[in-house]
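To start, the structure itself, in C-alpha cells.
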Amino acid sequence: MRTIGKTALWAFLLAAALLTLFPILVTLLGSFKTNAELTAGATILPTSWQLSNYAEAWRQANFSAYTMNSLFVAAASTIGILLVSSMAAYVADRMTFAGKRLYIGMQAFTMFVAIGAVVLRPQFELMIKLRLQDTLWGVVLILVSAHASAFFILLSFMSGIPRELDEAALIDGCSRGRTFVKIVLPLLAPGLGVCALFAFRGAWNEYLLPFVFTLSKPELQTLTVGLASLKYGVSAASQTHLMMAGACLSIVPILVAYVFANKSFMQMSAGAIKG
Amino acid sequence: MPSFLLTVVLGIYPIGWAMRYMFYDYKGYGAERYIGLDNFARVLRDGEFWQSVVNTFAYAGGKLALSIPLALLLAVLLNRGLRGRHVLRAVFFMPTIISSAVMAVVFFAIFNAYNGVLNQFLLKYKLIGGAVDWLGVDHAMLTVVLVSVWGAVGNYMLLFLAGLQNIPADVYESASLDGANKLQQFRYVTLPMLGPVSQMIVMLAIINALKGYESIMVLTDGGPVGKTNVMFLYVYKLFFPTAGTGAASQVQEIGYGSAVAFVTAVIVGAVTVLYFYGSKQMNRYA
C-alpha cells in the first residue's frame, strides 16, 4: 500500500514537472531544428543540430539589435530603479517630512490600482513633450517610475539596519549624502541584489511598453517585441525556426540567472505575502 | 526627491488625465468636446464591451479553478521531507520567470492547428482523428486558460508553501497522536490553519486573472471573432487601435476608452471587495 502510494505520488509529480518543462524544452530543442523538421513535427531531438538558426536570427532577422535594445533597457532601468528606490527608502525610513504618509500611500496606490492600458497614452504624450518618444530612454524612464515594489522591499530591509549605525556617522560629522553612500548602501547590499534581479527580469520581459513606444521605430524593438512581430509577419509559418531561436535568446539569460539564484527569486515572491 | 517626482508625474498624473477624458469626446486628434456622462451611457449599450466582461470572467474563473487547487496540491506534496523537493519546486516555479509575451509566441507554435507541435504529436500517436484547431472558435478560450495556468501555478504554489511553513509541526504531531490520518489532517489542520494565507493568495489570483491580457494579446489578439477578448484588451484597443495585427479595425477613442477603463477598474474593485467580505463571512461560520 505504501509503495503504491509513493509510486502514484512520484508519477503525478513527474508528470506535472514534464508538463511544466515541455514548452521550454520544445523551444530549446526547436531552436536547433530546420524549419521543415519543425513543421513536420513529431521528432523530439533535432535530427541535425542547426546552429545556423542563431546565425540567421542574429544577422538577418535583426535579433542582434533586439538583444542590444533589451540589454540597454534592462540595464538602464535596473540602475535607475536601484538609485531612485534606495534613496527613497532611506529618506522614508530615517527622516520625517511633510506629506510622508501621502507619499507612501501614493507608492502603494500605484502598485495596486491598475487601470491597464489607459496610463500608456498620457505617458506616451509626456514623452513626446520631453522629446523622448523616439528613444528607448522614454521606456526606461517609465519603467523607473514604476519602482514601488523595489521601494517597499528596500524599506523593509532598511528597517532591519540598526539606526545607531548611521546616526553615529551623522554625529561624527558625516553629511547625509556621505552617510547614505558609505554606511547605508553597503549594508543594504543584499536587498539591492534582490531588487536588481527583479528589476532586470521585469524590464527584460516587458512587452507592452516597448511595443507601444517602438510602433514607428522597428529598429528600437526589444527581444520580446521583435519576437512577437515575427508571429504577425506574413511569412510567419516559414519562420518558426527563427521564432524558436529568438525565444531562446530571450529565455536563456534569465534561465541561467535562475539556475544560480533560484533561492532569491523564490524567496522574494514568497516574501511578498509574508510582509 | 526623484522618486517623488517620478511617481507623481508618471504614476499619478496619467490617472488624473484619464479621469478628465472620461467626460470628453476625444479621438486623439481635433477638438475635444465636453459631453458629460454620455460616454458612460455608451458603455452601458456597448455589447462588445459586455461580451469582453463575460469573457474575462470565464477566463478568470477557469484560470482560478485550475491553478489554485493544483498549486495547493503541489505545495502540500512538496512541503515535507520528500527527496528532490527543492529541484521540483524550482522546476514548477520556472515558468513565472519567463516573459509571458515570449512564451505566448512559443505556445502559438505549439498550439498552431496546421503545423503546431501538439497536433503533430497527437496525430502521430493516433490520440486524435484529425487536426484540432486549438486557437479556433471552439477551443481558443480553453487554450488561453491553459497557457495562463501554466504560467501561474508555480507562483501560487510558492505562496502556499510559504503559508504551510508557518504551520508549526507539533500541531500535526498532536493530530496524529489523536489518530487522525493524513487526509483528516489535511482537512482539519492544514486547511483551517492556511485560511488567512489562502484568502490573500486567492485575492491576488483574482486580481491577476482579471487584469492579465499580455499573453492573450500575443497568442490570439482577442480572436477568433472576439472569443478571447478580455476587458483590459478591449480598453487597450480603444487606445491603440492600429497596434497588434496591424489591421486598423477601430478608430482611436480616447474619451470613450477612459470611461471604459474606469468601468473596468470599478468592476475589478467590486469583485475584490465582494470576495473580501464574502470570505470573511465564510470564516465566521466555518
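Predicted model only: the values in this text are computed from it and were never measured. Residue numbering restarts at 1 for every chain, and letters A, B, ... go by the order of the sequence lines.
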Among the options Ala90(B), Gly154(B), Pro95(B), pick out the one with the most heavy-atom pairs lying under 4.5 Å from chain A.
Ala90(B)
Kindly give the heavy-atom pair with the smallest separation between [X] and [Y], and that separation in Å.
X         : Y         : value
Trp204(A) : Ser70(A)  : CZ3-CB, 3.7 Å
Arg89(B)  : Met157(B) : O-CE, 3.8 Å
Leu158(B) : Phe93(B)  : CD2-CE1, 3.7 Å

Give, as side chain, backbone, both or neither, the part of Leu70(B) having an atom under 4.5 angstrom from any heavy atom of chain A.
side chain
Is it the side chain or the backbone of Leu77(B) that comes within 4.5 Å of chain A heavy atoms, both, or neither?
side chain
Could you check which of Ser250(A), Ala17(A), Pro23(A) has the highest count of heavy-atom pairs closer than 4.5 Å to chain B?
Pro23(A)
Quick check for you: among Leu14(A), Leu19(A), Ile24(A), which has the greatest number of heavy-atom pairs under 4.5 Å with chain B?
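Going by pairs under 4.5 Å, I would pick Ile24(A).
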Can you list the steps and then say if Leu88(B) with Leu74(B) is a side chain to side chain contact (heavy atoms under 4.5 Å, CB included)?
CA-CA 10 Å; Leu88(B) 281 171; Leu74(B) 287 175; over 6 Å; no
Counting only non-hydrogen atoms closer than 4.5 Å, does [X] touch chain B with its backbone (N, CA, C, O), its side chain (CB onward), both, or neither?
X         : result
Leu83(A)  : neither
Ile251(A) : side chain
Trp10(A)  : side chain

Under 4.5 Å between any side-chain heavy atoms of Leu78(B) and Leu13(A), yes or no?
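In short, these two side chains touch, coming nearer than 4.5 Å.
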Value for CG (Leu161(B)) from OH (Tyr156(B)), rounded to nearest 0.5 Å, stands at 15.0 Å
